[in-house]
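Following: one structure in structure tokens, then a few remarks.
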Amino acid sequence: MKIMVAIKRVIDYAVKIRVKPDKSGVETNNVKMSMNPFCEIALEEALRIKESGLASEVIAVSMGPTQVVDTIRTGLAMGADRAIHVDYPGTLYPLSVAKILKALVEIEKPGLIFLGKQAIDDDCNQTGQMIAGLLKWPQGTFASKVVLDKEKQTAVVDREVDGGLETLCLDLPAVITADLRLNQPRYATLPNIMKAKSKVIKKLTPEDLKVEIKSDIEVVKVTEPPKRKTGVLVSSVDELIDKLKNEARVV
């Protein structure tokens, strides 16, 4: 069984985000970029499944401009067997990504697709659900535990919901999106990083996959969140209650 893992290049989680002067987006020039943390978790889970003997190959897939190759190399260094880069210079929104993944699934025929539950740049949390819908495959989102049964061709997924945990049994092939507590991703070792530099990355375009990219979202303006007001010290509980009641108006 093949496992396909979608990974995304995003601004590193430790970087302080700056909005462009023209309010058209956030600044990405000369900014540290890395693999989306939830995608790292998804890739780690796929690698663990392969190492347990339940999968034969892990394929890392990413989409975007040429710089995305650096993120793909990280996935190869972590242990992915092959990689595919869908070259597209513009912005890709979830539905377009899902359509590209669907086209790749028709070529590669994986038995399982792993994605991060969301990307930390747009926080959409839509791609996994959309690809499952397009493929008409069962889906297990926000997975905190995944157990495969090779004989029954099923995946048992514990998923985090507001009320606690929900357990789903999915017939394979299926789509699973990884939550934060699914695992702890490994670090890529230096030898593997060096080996990844020489691995061939298959390059495709949306045109090769016969996928038309349409912008279904218009960004009107991007602004920073309002700055918090400076806190004040109060001398007593009565003064605190008075301020909460008359100034903040929350009690």
Side-chain angles (χ1 to χ4, degrees), residues 1-8 35-63 71-85 97-98 101-102 104-119 125 127-132 134-161 165-189 191-193 195-196 199 201-202:
M1 179 181 73
K2 296 180 185 176
I3 302 178
M4 182 180 287
V5 184
I7 57 179
K8 186 176 184 181
M35 189 187 300
N36 177 49
F38 290 104
C39 297
E40 282 188 303
I41 295 168
L43 180 56
E44 173 66 27
E45 193 65 20
L47 294 173
R48 292 186 185 190
I49 290 172
K50 183 199 168 188
E51 288 166 356
S52 69
L54 296 174
S56 58
E57 188 178 33
V58 174
I59 308 165
V61 176
S62 193
M63 304 158 206
T71 304
I72 295 174
R73 298 272 180 212
T74 301
L76 290 169
M78 287 178 66
D81 299 288
R82 287 195 291 123
I84 300 172
H85 173 212
V97 174
L101 284 174
K102 179 177 182 290
L104 290 173
V105 166
E106 291 170 353
I107 296 170
E108 295 290 343
K109 302 289 192 295
L112 192 59
I113 300 177
F114 264 107
L115 307 92
K117 72 168 185 177
Q118 65 195 77
N125 179 24
T127 307
Q129 292 88 330
M130 286 179 172
I131 179 63
L134 291 173
L135 291 170
K136 295 181 172 58
W137 285 9
Q139 60 179 300
T141 56
F142 320 131
S144 59
K145 184 179 178 181
V146 177
V147 178
L148 295 189
D149 189 320
K150 195 171 184 179
E151 292 184 4
K152 295 181 180 179
Q153 284 293 291
T154 59
V156 177
V157 177
D158 288 347
R159 58 188 304 268
E160 299 189 0
V161 295
L165 289 177
E166 179 184 37
T167 301
L168 301 176
C169 184
L170 311 176
D171 291 327
L172 298 180
V175 177
I176 297 175
T177 70
D179 208 339
L180 190 64
R181 281 160 286 279
L182 180 57
N183 60 52
Q184 179 65 45
R186 70 194 66 187
Y187 289 103
T189 62
N192 286 341
I193 292 173
K195 289 176 184 177
K199 287 188 177 181
I201 297 173
K202 186 177 181 180

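The shown structure was predicted, so the numbers you read here are calculated from the model rather than taken from an experiment.
Under the 4.5 Å side-chain criterion, counting only non-hydrogen atoms from C-beta, N192 is in contact with K195. Side-chain contact between I131 and K102 is present, with at least one heavy-atom pair separated by less than 4.5 Å. Residues T141 and Q129 have side chains in contact (heavy-atom distance under 4.5 Å, counting atoms from C-beta outward). Taking the side chain as every heavy atom from C-beta outward, R159 and D179 never approach each other to under 4.5 Å. No side-chain heavy atom of K8 sits less than 4.5 Å from a side-chain heavy atom of V97. A 4.5 Å side-chain heavy-atom check between V175 and F114 finds every atom pair outside the cut-off. L101 is listed as a side-chain neighbour of L115, based on a closest heavy-atom distance under 4.5 Å.
With rounding to the nearest 0.5 angstrom, the CG atom of L148 is 6.5 Å from the CD1 atom of I176. In this structure, M4 CE and E108 CD are separated by 5.0 Å, a value rounded to the nearest 0.5 Å. T177 contributes atom OG1, which lies 12.0 Å from atom CD1 of I113 (distance to the nearest 0.5 angstrom). Rounding to the nearest 0.5 Å places NZ of K117 at 7.0 Å from CG of N125. Atom CD in E44 sits 7.0 Å away from atom CD in E51 (nearest 0.5 Å). Atoms CE and CD1, from M63 and I72 in turn, are 9.5 Å apart once rounded to the nearest 0.5 Å.
Within 6.0 Å of the NZ atom in K199, the count of heavy atoms belonging to other residues, nucleotides or ligands exceeds 12.
Nearest approach of G53 to K150, heavy atoms of both residues: O-NZ, 3.5 Å. Counting all heavy atoms, side chain and backbone alike, N183 lies closest to I41 at ND2-O, 3.1 Å. Counting all heavy atoms, side chain and backbone alike, A143 lies closest to V157 at CB-CG1, 3.5 Å. Between S56 and D81, the closest heavy-atom pair is O-OD2, 4.4 Å. The shortest heavy-atom contact between A83 and L76 is CB-CD2, 3.9 Å. In terms of heavy-atom proximity, P173 sits nearest to P110 at CB-O, 4.1 Å.
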With side-chain contact (heavy atoms from CB on, under 4.5 Å) as the test, would you mind laying out the steps for V58 and L43 before giving the verdict?
-> CA-CA 8 Å; V58 174; L43 180 56; 3.9 Å; yes

Let me see the working for E57 and I3 under side-chain contact (heavy atoms from CB on, under 4.5 Å), right down to the final yes or no.
-> CA-CA 6 Å; E57 188 178 33; I3 302 178; over 6 Å; no

Start with the C-alpha gap between L112 and I49, add the side-chain angles, then the distance that decides, and say whether side-chain contact (heavy atoms from CB on, under 4.5 Å) holds.
-> CA-CA 11 Å; L112 192 59; I49 290 172; 4.3 Å; yes

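Judged purely by atom type and a 3.5 angstrom limit, S144 uses its side chain to pair as donor or acceptor with the backbone of D158. A donor-acceptor pair under 3.5 Å links the side-chain atoms of R73 to the main chain of A196, judged by distance alone.
For T154 and D171, the side-chain atoms include no donor-acceptor pair closer than 3.5 Å.
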